[in-house]
Amino acid sequence: MPELPEVETTCRGIAPHIQGHRVSGAIVRDARLRWPVPDLATRLTGHIVRHVERRAKYLLLRFDHGTLIIHLGMSGSLRILPAATPPRRHDHVDLLFGARCLRLHDPRRFGAVLWTADDPMRHPRLAELGPEPLSEGFDGGYLHRCAARRRAPIKSLIMDGHTVVGVGNIYASEALFLAGIHPARASQRISAARLDRLAAAVKQVLAHAIERGGTTLRDFLNESGEPGYFAQELFVYGRAGEPCKVCGTPIATRQIGQRASAYCPHCQH
DNA sequence: AAATTCTCCTGAAGGC
DNA sequence: TGCCTTCAGGAGAATT
């Protein structure tokens, strides 16, 4: 499940291999992703990838005549491989660069490959997104304004891309633990001081994970490509029933906004 | 407007 | 061993 740190790591991993390189062809083996994949061969062959960047969990491959927008969904991954590498099951899309290719693998097909000839930031998928969590625009004050008069659980609020992008279930859970805030607490009933701590915690867990992802052996030229987080560093996510690492109380879980949510009943209020 | 529910899809895990 | 059921999960769409 690619979270923001993994998408960022993917972005950094593939950029050196395709930025400034000319697309020599494309193969769409299965166009049935979240939305139908457009005819990439016709659209991209002969064009040069000018820049690779990330916005939220979207990867943007900028060309002179438009931008390819890629989302990895729940199970997607991108790798740089020899173009002749036989495709495995669920290898849906190849962007060819001479002897190499950028290959999209996505078993659950929740991912997306979209094309826009206009400013990608105005694309319907990107236009309404909130600030990047690691940007200056995201802080306690901003979160406090978002939380005002909102009765939704704080966990739902920070996982909503309109509030802030890239905070998935793992990092929302971990950040709320670090901030000592119960995931189900009504957003409007949390003090500005505690929201300061929450914003800081979100930045902390994401920055740490990105740092780990960047320093971990991730070779986009070969296999590898494991999750960008480390189970032994998690305080609550995936630890239901296990003792809290701080106080020893068993970690509890409950459904919040259709998502499993783990928290420490003693440390989080 | 805000909140909630439904939906997509497959691999993994659990039950027997 | 193997078949069947259940479930997770990002985020858009539909619904209340």
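Everything numeric in this text was worked out from a predicted model, so none of it was measured. All values below come from the heavy atoms of this structure, side chains included, with hydrogens, waters and symmetry mates left out. So that the names make sense, note that chain A is the first sequence line, chain B the second, and so on, each numbered from 1.
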Distance-only side-chain donor-acceptor flag, A:Asp39 / A:Thr42, under 3.5 Å:
yes

When you check the gap from the basic side-chain N to the acidic O, do A:Arg29 and A:Asp94 get nearer than 4.0 Å?
yes

Side chains of A:His92 and A:Asp106: is there a donor and an acceptor less than 3.5 Å apart?
no

Measuring from atom CD1 of A:Ile70 to atom CD1 of A:Ile14, what distance do you get when rounded to the nearest 0.5 angstrom?
6.0 Å

With a non-hydrogen cut-off below 4.0 angstrom, is A:Arg32 in contact with a base, only sugar-phosphate, or nothing?
nothing

Decide yes or no on salt bridge (charged side-chain N to carboxylate O under 4.0 Å, His left out) for A:Asp64 and A:Arg50, but give the supporting numbers first.
CA-CA 7 Å; A:Asp64 288 331; A:Arg50 295 299 181 187; 2.9 Å; yes

Rounding to an integer number of Å, can you tell me how far A:His92 NE2 sits from B:dC9 C1'?
10 Å

Could you tell me the separation between the CH2 atom of A:Trp35 and the P atom of B:dT7, rounded to a whole number of Å?
17 Å

Can a donor-acceptor pair be found, under 3.5 Å and without considering hydrogens, that links the side chain of A:Arg259 to the backbone of A:Gln255?
no

Which nucleotide in C:dA8, B:dT10, C:dA13 has an atom nearest any side-chain atom of A:His90
B:dT10

Whole-Å gap separating P (C:dA13) and CD (A:Glu128)
12 Å

Nucleotide C:dG9, atom P - distance to CD of A:Glu6 in whole Å:
13 Å

Protein N or O to nucleotides 14-16 of chain C N or O, pairs below 3.5 Å:
none

For DNA chain B, the residues among residues 109-121 of chain A that have a non-hydrogen atom under 4.0 Å from it:
A:Arg109, A:Phe110

Candidate nucleotides B:dT4, B:dA3, C:dG10, ranked by approach to the side chain of A:Asn169 - the nearest:
C:dG10

How long is the span from the CD1 atom in A:Ile256 to the OH atom in A:Tyr263, to the nearest 0.5 Å?
7.0 Å

Test of ring centre spacing under 6.0 Å for A:Trp115 and A:His123:
no

Side chain of A:Lys57: nearest nucleotide among C:dG9, C:dG12, C:dG10?
C:dG10

Using a cut-off of 4.0 Å on non-hydrogen atoms, how would the nucleic acid contact of A:Arg259 be classed: base, sugar-phosphate, or nothing?
base

Do the side chain of A:Glu174 and the main chain of A:Leu234 share a donor and acceptor less than 3.5 angstrom apart?
no

For the side chain of A:Gln258, counting heavy atoms from C-beta on, which of C:dA11, B:dT5, C:dA13 is nearest?
B:dT5

Applying a 4.0 Å non-hydrogen cut-off, can you work out what A:Arg34 is touching in the nucleic acid: base, sugar-phosphate, or nothing?
base

Checking C:dG9, B:dG11, C:dG10 against the side chain of A:Pro107 (C-beta onward), the nearest is B:dG11

Side chain of A:Met74 - closest among C:dA11, C:dG9, C:dG12
C:dG9

What is the distance, rounded to the nearest whole Å, between atom CG of A:Leu33 and atom P of C:dG12?
15 Å

Let me know which of A:Leu195, A:Ile158, A:Leu157, A:Thr163 forms a side-chain contact (heavy atoms from CB on, under 4.5 Å) with A:Ser187.
A:Leu157

Give the rounded distance in Å between these two atoms: CD of A:Glu3 and C1' of C:dG10.
9 Å

Between P on C:dC7 and CZ on A:Arg108, what's the gap in Å once rounded to a whole number?
14 Å

Could you state the CD1-C1' distance from A:Ile256 to C:dG9, rounded to the nearest angstrom?
15 Å

Among B:dA3, C:dG10, B:dT10, the one nearest any side-chain atom of A:Arg150 is B:dA3

Should A:Tyr237 be listed as having a side-chain N or O under 4.0 Å from OP1 or OP2 of C:dG9?
yes

